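Model, not experiment: these values are computed from the prediction. Just the heavy atoms: all of them, side chains too, but no hydrogens, waters or symmetry mates, feed the values below. Chain identifiers are assigned alphabetically (A, B, ...) following the order of the sequence lines, protein sequences preceding nucleic acid strands; residue numbering begins at 1 within each chain.
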Amino acid sequence: MARYNHQSLEQKWQKIWDENETFKTTEDTSKPKFYALVEFPYPSGEGLHVGHPRPYTALDVVARKRRMEGYNVLFPMGWDAFGLPAENYAIKTKIHPAVVTERNVARFKEQMRSLGFSFDWSREVNTTDPNYFKWTQWIFIKLFEQGLAYKKEMPINWCPSCKIGLANEEVVDGSCERCGHGVETRVKNQWMLKITEYAERLIEDLDEVDYIERVKIQQRNWIGRSEGADVSFAIKDTAESLTVFTTRPDTLFGATYMVISPEHPILEKLQDRIANLEVIKAYQAEARKKTEFERAELNHEKTGVRIEGLAALNPVNSEEITIWVSDYVLMSYGTGAIMAVPGHDERDWEFAKTFDLPIIEVVAGGDVTQEAYTQTETGTMVNSGFLNGLDVDSAKKKITAWLEEKGLGVPKVNYKLRDWVFSRQRYWGEPIPLVHCSDCGWVAIPEEELPLRLPQVENYEPTDTGESPLAKMRDWVETTCPTCGGYAERETDTMPQWAGSSWYFLRYTDPHNDQALASRENLDYWMAVDWYNGGMEHTTLHLLYSRFWHKFLYDIGVVPGTEPYKKRTSHGMILGENNEKMSKSRGNVVNPDDVVKEYGADTLRMYEMFIGDFEKSVPWSTDGVRGCKRFLDRVWKLKDTVKAGSAYSEALEAKMHQTIKKVSHDYESLKFNTAIAALMTLFNEVNQLGTINEAEMKTFLILLNPVAPHITEELWQVLGFEGMLHEQSWPSYDEEKTIAQTIAIGVQVNGKVRGDITVNLNDSQEAAREKAMANDNIQRAIAGKTIVKEIYVPGRIYNIVVK
RNA sequence: GCCGGGGUGGCGGAAUGGUAGACGCUACGGACUUAAAAUCCGUUGGGCUAACGCCCGUGAGGGUUCGAGUCCCUCCCCCGGCACCA
C-alpha cells in the first residue's frame with residue numbers, strides 16, 4: 001500500500017494539467033459561460049501569505065464545479081504591479097521597478113501554481129506591461145475627450161511620507177490608507193476624474209446587481225445621496241445673494257442666521273463692505289492651518305466670526321439675519337454656505353448657544369431651549385406662516401413648490417462623493433498621455449503613439465515639492481504639440497494604482513488583442529463577470545472606481561453592459577495564531593510554501609475552506625491544518641476498501657443523496673466549511689460501515705475534488721476509474737432519496753425532550769404515538785398527568801402536552 | 001451620533017420555529033510500541049446521581065408559542081462602515 005505522498009502526487013498533477021492545458025479557456029459558444037474572478041494581487045516582495053489563497057481557493061472550488069457542470073469557465077489571474085513598494089525599493093537599491101516586479105511576479109506565480117489553482121495562465125495580464133497600459137492610457141484619453149478628466153488647482157490630501165496626493169477614498173481616519181501617516185492638506189494642481197457625474201447611476205444600478213448587502217450599503221453610504229433644495233438668500237443692499245443647500249426647507253422660518261465656509265468666495269467679492277475684514281482674515285488663516293488630523297478629532301467646539309457689514313434676508317419673510325463664518329461649514333459640500341436652523345439642527349443649535357443667537361421653534365414636539373429637535377416623523381409646523389399645522393413631509397413639498405414658483409429655490413440632490421484625485425507624483429505608474437502646449441492647452445497624444453512609455457531615470461526619489469521624478473527628464477518632457485506642432489511639455493504626474501485595476505477584468509476576455517482593449521465579440525460573450533470575490537477594503541475604492549469606468553465605457557459603446565460584475569462576495573481576513581493581524585512586524589506570518597511542503601496544497605486548500613465562516617476573520621491554527629491532513633490521509637487509505645458496485649448501496653443511498661445536495665448547495669453559498677463537514681460526516685459513516693463501493697467512491701471523490709483536486713485525481717486514477725476526474729459530470733441527487741425512510745425523532749413532554757423513538761417516515765400519528773407511549777421514560781414523565789394535546793411533526797418531533 | 005453585522009463549549013464553528021453544540025481542533029483515558037511520535041478506539045457544555053436519570057445552559061431581562069439560539073420588545077457588549085455632509 002503506497003503512502004499518501006502529497007509532494008510527488010501534487011507535482012505530478014500540476015504538470016499534467018499544465019501540459020494538457022486542462023484549464024485553458026476558449027470562446028466555446030456551444031456551452032454556457034461562467035466568468036469567475038478574484039482580485040489580482042500586487043506582487044510584493046514578501047510573496048504570498050496564507051491570506052491570499054482563501055478567496056482564490058473559494059472561487060477555484062466554484063470554477064472547478066462549474067466545469068463539471070458543463071460550463072465554459074473563465075478563471076484568470078494577473079498582476080496589479082504598479083505601485084509604491086517596488087518604487088521605494090528602487091529608490092533604495094537603484095534597481096529598476098520593472099526588474100523587481102518581474103522577479104516578484106515569478107515568485108507569486110510559482111506559489112500560486114503550487115497550490116493547484118485552475119487559472120488559465122495563457123490569459124495572465126500585468127498592468128505594467130506596455131501592451132496593457134496602452135489601453136489604460138487609451139481609456140484616460142477617452143475620459144479626457146469627454147470632459148471627464150480635468151486638471152484643477154485644489155486642496156488635496158497629501159501624505160508627507162509617501163509624498164503623494166491621495167484620493168478621498170485613500171484617507172482612512174485622517175491617515176494615509178497605505179502607510180498610516182497623518183495626512184495634510186496641500187493645494188495642488190491635480191488631474192481629477194468626474195466620478196461625481198456618475199453618482200446617481202452608481203447608486204441606482206446597485207439595485208440590479210447581486211452584491212452582498214454590506215457592500216451595497218457601504219457604497220450608498222460613501223456616495224451619500226441627499227435630497228433637498230438650493231435656496232437663495234439675498235444679501236441686503238447688494239446685488240449678491242448666497243445660495244444654500246438644505247435638506248430641511250420646511251424649517252426655513254426657523255433660519256435665524258447664516259454660516260459660510262472660511263473659503264467662501266463671497267468674502268473676497270464683498271470684502272470692501274466687510275467692517276471686520278481683519279478679524280475674518282485671521283479666522284481664515286486659522287482655519288487653513290487645521291490639518292485633516294485635527295479635524296478628524298471629535299473636537300466639535302464651535303468657533304466662528306460674525307461678518308459685520310453684511311446681512312441676509314430670509315426669503316420667506318424678508319427678516320434680516322446675520323451672516324457668520326465658521327469652519328464647521330465645508331466648502332466642498334453643497335454650496336459652502338448654510339442657513340442655520342438652530343431649533344432643529346444640532347450643529348446650528350450648538351453654534352447658536354455659543355454665540356447667543358436666536359432659536360425659533362418651527363416644528364413642535366421637542367423643547368428647543370434644551371436641545372435641537374431633529375425628529376421628522378412626528379411633529380407639526382409652527383411659527384411658519386403658511387406652513388403652520390402641516391407635518392414635516394407635507395411642509396417640505398409645499399415650501400419647495402413655493403420657492404420654485406417665486407424663483408427663490410430649486411429642488412436639489414447632493415452627494416458626499418467627491419471627484420477622484422487621479423494624479424500621483426511618482427515614477428512607477430502609467431504616464432498620463434497628455435502634453436501641455438502654451439497655445440493649445442492640454443492635448444492628448446495621438447492614439448498611434450500609445451503606449452506612452454516611462455523613460456529610464458536615474459533617481460526615483462520623489463521631491464518634497466511634490467513633483468514627480470519624471471519632471472527632471474527633460475528629454476522626455478519636452479516634446480511637440482500634436483495639434484499645432486509647437487513646443488509642448490508632457491504631463492509628469494502618473495496615474496494612481498487604481499487605474500490599471502479599473503478595467504483588467506475586460507482584458508482577460510481577450511488579453512493579447514492589439515487593436516482594442518478587447519474584441520467586442522469576446523466582451524459580448526464573457527461580460528459581465530458572473531462572480532467576483534474580493535476584499536471589503538476595496539468597496540469604496542477599486543469596486544467603485546471600476547464600476548465608474550465600466551459605465552463610462554458603456555456610454556462610449558465599448559462594453560456591452562452597464563455593470564461589470566453580476567455578483568460580488570467578500571472573504572474575511574486570516575489572522576495570525578495569536579489572533580492579531582498577520583504581519584512581518586508581529587512575527588506571526590504563516591508562509592503557504594511551508595504549509596504546502598509539510599502538509600500539501602490539498603491540505604492547505606481544504607483547511608482554508610474549513611477554517612470557519614468564509615466571510616469572517618479567523619485566526620490560523622496549525623492544529624486545524626493537521627486535522628485536515630489527517631482527513632486526507634484517511635481518505636487515501638480508503639482506496640484499499642473500495643468494492644465493486646455501480647449503484648449506491650442501500651445502507652448509504654440516502655446519505656449519498658443528502659451529501660450531494662448539501663455539498664452542491666454549500667459550495668454555491670460560501671459555506672465551504674459545512675460542505676467539508678458534510679463530506680467528513682459521510683466519510684465517518686463509511687468508516688463505521690467499513691466498506692464503500694465504486695459508485696459511492698466516485699461521487700465522494702468528485703464532491704471533494706474542487707477542494708482537494710490533486711489527491712482526488714490521483715485516487716481516481718489509482719482506482720482505475722475511467723478518464724480523468726476533472727472530465728466527469730457533477731453528480732446529481734434525487735430529492736426523494738435524500739429522505740431517509742426511518743429516522744429517530746425526539747419525544748417531548750411539555751416541550752422537554754424525554755426520549756426518542758425510531759419512526760418510519762410515513763408512519764401515521766397513531767403509529768408514532770404508540771411508539772412514544774411505549775417508551776419507559778415517556779411513561780414516567782406523563783404518569784399521573786392528563787394529556788391535553790399532542791403535536792406530531794413527521795420526521796421532526798412528537799410533543800405531548802400534559803397537565 | 002447614524003447605518004450594517006455579530007454575541008452559542010477550552011478553541012474554530014453547526015443548527016427550514018422542532019432532540020442545541022454537526023464537523024474539526026484541544027484535553028483526557030485506552031490500544032499498539034522497549035519508549036516516543038504517528039495511527040486506531042473511546043470520553044469531552046456545567047451541575048447533581050452508584051445508576052436509570054434529573055436540573056441548568058445559546059450576552060441580560062421580558063413576551064409570543066405545544067415548542068425559541070432562531071420570532072417580537074427593552075437593554076448591554078464586540079466588530080465594520082460613515083461622521084460638523086447642512
5'-most contact on RNA chain B: A/Ile757 or A/Arg214, nearest heavy atom basis? A/Arg214

Between A/Met680 and A/Met536, which residue's closest nucleotide on RNA chain B lies nearer the 5′ terminus? A/Met680

Donor-acceptor pair, A/His571 side chain versus A/Arg54 backbone, under 3.5 Å? no

If you check the A/Gln218 side chain, which of B/U19, B/G4, B/G80 turns out closest? B/G80

Check ion pair A/Arg626-A/Asp623 (N to O, under 4.0 angstrom): yes

Quickly work out the A/Asp666 CG to B/A22 P distance and round it to whole Å. 17 Å

Evaluate the ring planes of A/His538 and A/His542, with Trp represented by its six-membered ring, and classify them as parallel (under 30°), tilted (30 to 60°) or perpendicular (over 60°). perpendicular

Suppose we screen for side-chain hydrogen bond (donor to acceptor under 3.5 Å, both in side chains). Which residues come up paired with A/Asp393, at least two apart in sequence or across chains? none

Give A/Gly334 one of three labels, base, sugar-phosphate or nothing, depending on what nucleic acid heavy atoms sit under 4.0 Å from its own. nothing

With both distances kept under 3.5 Å, what pairs with B/A68, Watson-Crick or G-U wobble? none

Polar atom pairs between nucleotides 62-70 of chain B and protein, under 3.5 Å, N or O only, would you list them?
| unit_1 | atom_1 | unit_2 | atom_2 | d |
| --- | --- | --- | --- | --- |
| B/C66 | O2' | A/Asn799 | ND2 | 3.4 |
| B/C66 | O2 | A/Asn799 | ND2 | 2.5 |

Give me the distance, rounded to whole Å, that separates B/C75 from B/G7 when you measure between the C1' atoms they each carry. 14 Å

More than 12 non-hydrogen atoms from neighbouring residues, nucleotides or ligands closer than 6.0 Å to CD on A/Glu346, yes or no? no

How far, in whole Å, is B/U26 from B/U64 if one measures between their P atoms? 46 Å

As its Watson-Crick or G-U partner within any shown strand, both distances under 3.5 Å, B/C54 has B/G47

Whole-Å P distance, B/G59 and B/G9: 8 Å

Taking protein heavy atoms under 4.0 Å as touching, what does nucleotides 11-16 of chain B look like 5' to 3' if B marks base contact, S marks sugar-phosphate-only contact and - marks none? -BSSSB

Is it true that A/Arg634 and A/Asp640 have a side-chain N and a carboxylate O under 4.0 angstrom from each other? no

base_contact_polar (B/C82 base, A/Lys416 side chain, donor-acceptor, <3.5 Å): no

Categorize A/Asp348 for me: base, sugar-phosphate, or nothing, with a 4.0 angstrom heavy-atom threshold over every strand shown. nothing

Which part of the nucleic acid, if any, lies within contact of A/Ala744, taking any heavy atom under 4.0 Å across all strands shown: a base, the sugar-phosphate backbone alone, or nothing? base

Less than 4.0 Å between a side-chain N and a carboxylate O, is that true for A/Lys396 and A/Glu227? no

Which nucleotide, if any, forms a Watson-Crick or G-U wobble pair with B/C32, using both distances under 3.5 Å? none

Pairing check on B/A38: which nucleotide meets the Watson-Crick or G-U wobble criteria with it, both distances under 3.5 Å? none

Contacts table for residues 670-680 of chain A: side-chain donor-acceptor under 3.5 angstrom, sequence neighbours left out:
| unit_1 | atom_1 | unit_2 | atom_2 | d |
| --- | --- | --- | --- | --- |
| A/Thr674 | OG1 | A/Asp666 | OD2 | 2.7 |
| A/Thr674 | OG1 | A/Lys671 | O | 3.0 |

Categorize A/Val747 for me: base, sugar-phosphate, or nothing, with a 4.0 angstrom heavy-atom threshold over every strand shown. nothing

Nucleic acid footprint by protein, nucleotides 37-49 of chain B - heavy-atom cut-off 4.0 Å, B for base, S for sugar-phosphate alone: --SS---------

Between atom NE2 in A/His538 and atom P in B/G80, what is the gap in whole Å? 17 Å

Base paired to B/A60 (Watson-Crick or G-U; both N/O distances under 3.5 angstrom): B/U74

Atom OH of A/Tyr257 and atom C1' of B/A86: how far apart are they, to the nearest Å? 11 Å

With a 3.5 Å cut-off and sequence neighbours excluded, list the donor-acceptor pairs that the side chains of residues 685-692 of chain A form with protein atoms.
none

Considering only B/A20, B/C25, B/G81, which nucleotide approaches the side chain of A/Val753 most closely? B/A20

Distance under 6.0 Å and angle within 45° of the ring axis: does A/Lys302 meet both against A/Tyr328? yes

May I have the distance from A/Glu615 (atom CD) to B/G80 (atom P), rounded to whole angstrom? 16 Å

On a whole-Å scale, what distance lies between the C1' atoms belonging to B/C23 and B/A14? 7 Å

Throw together a table of side-chain donor-acceptor distances under 3.5 angstrom for residues 329-338 of chain A, partners on residues two or more places apart or in other chains.
| unit_1 | atom_1 | unit_2 | atom_2 | d |
| --- | --- | --- | --- | --- |
| A/Ser332 | OG | A/Arg418 | NH1 | 3.1 |
| A/Tyr333 | OH | A/Ser226 | OG | 2.9 |
| A/Thr335 | OG1 | A/Thr243 | O | 2.5 |
| A/Thr335 | OG1 | A/Ala337 | N | 3.4 |
| A/Thr335 | OG1 | A/Ala337 | O | 3.2 |

Is it true that A/Arg568 and A/Glu39 have a side-chain N and a carboxylate O under 4.0 angstrom from each other? yes

Rounded C1' spacing from B/U65 to B/G17 in Å: 9 Å

Expected rows: protein N/O vs nucleotides 55-59 of chain B N/O, under 3.5 Å:
| unit_1 | atom_1 | unit_2 | atom_2 | d |
| --- | --- | --- | --- | --- |
| B/C55 | OP1 | A/Arg754 | NH2 | 3.1 |
| B/C55 | OP2 | A/Arg754 | NH1 | 3.0 |
| B/C56 | OP2 | A/Lys752 | NZ | 3.3 |

Given the P atoms of B/U74 and B/C25, what is the spacing between them in whole Å? 43 Å

Contact class for A/Asn414 (heavy atom, under 4.0 Å): base, sugar-phosphate, or nothing? nothing

Sticking with atom C1', work out how far B/A22 lies from B/G12, rounded to a whole angstrom. 13 Å

If you take the centroid of each ring, where Trp contributes its six-membered ring, are A/Tyr599 and A/Tyr607 closer together than 6.0 Å? no

Go through the structure and list residues passing side-chain hydrogen bond (donor to acceptor under 3.5 Å, both in side chains) with A/Lys771, not counting sequence neighbours. A/Asp763

Residue set satisfying salt bridge (charged side-chain N to carboxylate O under 4.0 Å, His left out) with A/Lys661, at least two apart, ordered chain then number -> A/Glu735

Gap in Å between the two P atoms, one belonging to B/G57 and one to B/A68, rounded: 11 Å

Report the base-pairing partner of B/C82 (Watson-Crick or G-U wobble, both distances below 3.5 angstrom), or none. B/G1

Here the distance between atom P of B/C84 and atom NZ of A/Lys353, to the nearest Å, is 24 Å

Name the nucleic acid region contacted by A/Ser226, choosing base, sugar-phosphate or nothing; use a 4.0 angstrom heavy-atom cut-off, strictly under. sugar-phosphate

Residue matched to B/C25 through Watson-Crick or wobble contacts both under 3.5 angstrom: B/G10

note: A/Arg418, atom CZ; B/C82, atom P; distance rounded to Å ~ 13 Å

So ring pair (Phe, Tyr, Trp, His ring centres under 6.0 Å) across residues 738-757 of chain A, not counting sequence neighbours, yields none

Taking the chi torsion of B/G62, is it syn (within 90° of 0) or anti (everything else)? anti

Can you tell me the distance, in whole Å, between the CD atom of A/Gln219 and the C1' atom of B/C3? 15 Å

Just jot down the salt bridge (charged side-chain N to carboxylate O under 4.0 Å, His left out) partners of A/Lys216, sequence neighbours excluded, or say none. none

